[in-house]
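Once you've had a glance at the structure underneath, I'll fire off some questions.
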Amino acid sequence: MIQSRICEMLGIRYPVFQGGMAWVADASLASAVSNAGGLGLISSVNAGTEAVREEIRKCRQMTDKPFGVNIMLQAPNASEIARMVIEEGVKVLTTGAGSPVKYMKEWKEAGITVIPVVASVALAQKMQAAGVDAVIAEGAESGGHVGELHTMPLIPQIVDALDIPVIAAGGICDGRGAAAAFMLGADGIQVGTRFLVAKECTVHQEYKDKILKATDISTTVTGKSQGHPVRSLKTPFSKSFARMEADPQVSPEEILAFGSGALRKAVKEGDRNGSYMSGECAGLVKKEEPAKDIVEDLILGAEKVISEFASRLV
Ligand code: TUI
């Protein structure tokens, strides 16, 4: 069975993290993934700090397995969340969209395992020097806020540069992608898009249907002009957003106002003017199924690909 040092570090059966997707990753999804033997994560992006606290407490009722919280560092309430997770006794934190260095001392004193998302070798090295326990190296195939480098060259360069475990993210959706990530030297994988259609994922049915209908060319990256590139499904919203970005008459403030709240509208209301963040691999997502089946398909699928390939070697 594929296991790694990240399983021992966290006390999980399978080296599979569920992406801490903003507005999406709640107690329902996180507990289902943790109960399946992976690491479920609750997003800090929800209806405020107290709503996230509530999800943590709910998750604890729904699983006795390890789970974590993902902290979106650019959110206005990031420092409030950083304190709240200590009060709640959260054991594992992942962070995204920035550097968690200023919180490291208090988190480590609280005995928390800290695993930041990084999108470059330089940041990964800085994080290791700051004392993080592992990193998630995320390529630009992933959904939501993305860096510049893609998974295939990013993972081996980060693996070569660090001693701590590396979790690969971005474009991993089935056993083949998982096997590839392990071949690149990763100690684990993080998957977001495929969990959007987990039975236990509470997003609006319209969001799930859009992912299930997606093809290879269904996603696009907008927001580069704002310095915050975001990958999402091509929709009337993403087209209007791209048009505004290309129009010199439209101010950055107008673009920001147009984008604000768009992800929540997609997740909660299935609104056609929402932002349907998605990874590039949405075209590989075929059906709605329990999180347990997704976790097992990723790992057992990887094992199958690897052993079938081994039998082709002469
Ligand atoms: O954070 C993500 N993905 C996200 S956050 C998000 S919430 C959102 N809502 C509305 C509009 C836009 C976003 C949706 N998706 N992934 C983790 C990630 N982190 N990817 C890249 C990075 C990253 C980038 C730069 C991490 C650190 C970093 O360093 C900056 C620094 O301070 O050195």
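Whatever order the structure lists them in is the order used to number ligands and atoms, beginning at 1.
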Is it the case that Ser28 and Glu200 place a side-chain donor and acceptor less than 3.5 Å from each other? no
Looking only at protein heavy atoms, what sits closest to atom 20 (N) of ligand 1 is Glu138 OE2, 3.0 Å
Show your working on salt bridge (charged side-chain N to carboxylate O under 4.0 Å, His left out) between Glu308 and Lys304 and close with a plain yes or no. CA-CA 6 Å; Glu308 283 173 2; Lys304 187 161 175 280; 3.4 Å; yes
Please determine if Glu54 and Lys58 form a salt bridge, counting it only when a charged side-chain N lies under 4.0 Å from a carboxylate O. no
Taking 4.0 angstrom as the limit and counting only heavy atoms of Val230, give me the atoms of ligand 1 inside it, by number and element. 12 (C)
Would you say the side-chain atoms of Glu280 and Thr219 include a donor-acceptor pair closer than 3.5 Å? no
among protein heavy atoms, the one nearest atom 18 (C) of ligand 1 is Val117 CG1, 3.3 Å
What protein heavy atom is closest to atom 21 (C) of ligand 1, reported as residue, atom name and distance in Å? His145 CD2, 3.7 Å
Do the charged groups of Glu88 and Arg53 touch, with an N to O distance under 4.0 Å? yes
Report the nearest protein non-hydrogen atom to atom 30 (C) of ligand 1: residue, atom name, distance rounded to 0.1 Å. Gly98 CA, 3.9 Å
When distances are taken from atom 11 (C) of ligand 1, the protein heavy atom at minimum range is Met277 CE, 3.7 Å
Regarding Asn70 and Ser43, do their side chains bring together a donor and an acceptor under 3.5 Å, going by distance alone? no
State, with a plain yes or no, whether a side-chain heavy atom of Asp174 is found less than 4.5 Å away from one of Arg194. yes
For Ser99, atoms of ligand 1 separated by under 4.0 Å from a heavy atom: 32 (O)
Ignoring hydrogens and angles, state whether a donor on the side chain of Asp133 or Thr113 is under 3.5 Å from an acceptor on the partner side chain. no
Just distances here: any N/O of Ala97 and N/O of ligand 1 closer than 3.5 Å? yes
Going by the atom numbers of ligand 1, which of them fall below 4.0 Å from some non-hydrogen atom of Gly144? 14 (C), 15 (N)
Report the nearest protein non-hydrogen atom to atom 7 (S) of ligand 1: residue, atom name, distance rounded to 0.1 Å. Met72 CE, 3.6 Å
the protein heavy atom lying closest to atom 29 (O) of ligand 1 turns out to be Leu123 CD2, 3.3 Å
